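What follows is a set of notes on a single structure, which appears directly below.
Being a predicted model, the structure only gives us computed values, none of them experimental.
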Amino acid sequence: MNLLKTLWGKWLILARIIGNFQSQVILSVFYLLILAPVGILFGLIADPLKIRKKNSSNFVKWEHEKQTLKEARKQY
């Protein structure tokens, strides 16, 4: 019985080492094959935050819905 407990303890140590290595390999492959190309393509094609400058100013004209003071006081 002591032999089995000793073997089980040794196996747990070895399994942890193998699991840590395997998880690093799997996550690295996932990143290199899936996330990196998708990120590069998305960065080249899309600009959801409108960070890239199309002109020299980021000013966007705001149209006022309320034109008079009376309309502005009735917000809802």
*asked:* Nearest 0.5 Å, please: how far is CG in Asn2 from CG in Leu7?
replied: 11.0 Å
_From CD1 (Ile13) to CH2 (Trp8), nearest 0.5 Å_ = 12.5 Å
_Approximate separation, where rounding is to 0.5 Å, of Ile40 CD1 and Ile45 CD1_ = 11.5 Å
*Check the hydrophobic clustering (I, L, V, M, F, W, Y; side-chain heavy atoms under 4.5 Å; chains of links allowed) and say if Leu12 and Ile18 are grouped together.*
yes
*Going only through I, L, V, M, F, W and Y residues with side-chain contacts under 4.5 Å, is there a path from Leu32 to Phe30?*
yes
*To the nearest 0.5 Å, tell me how far Ile17 CD1 sits from Gln22 CD.*
13.5 Å
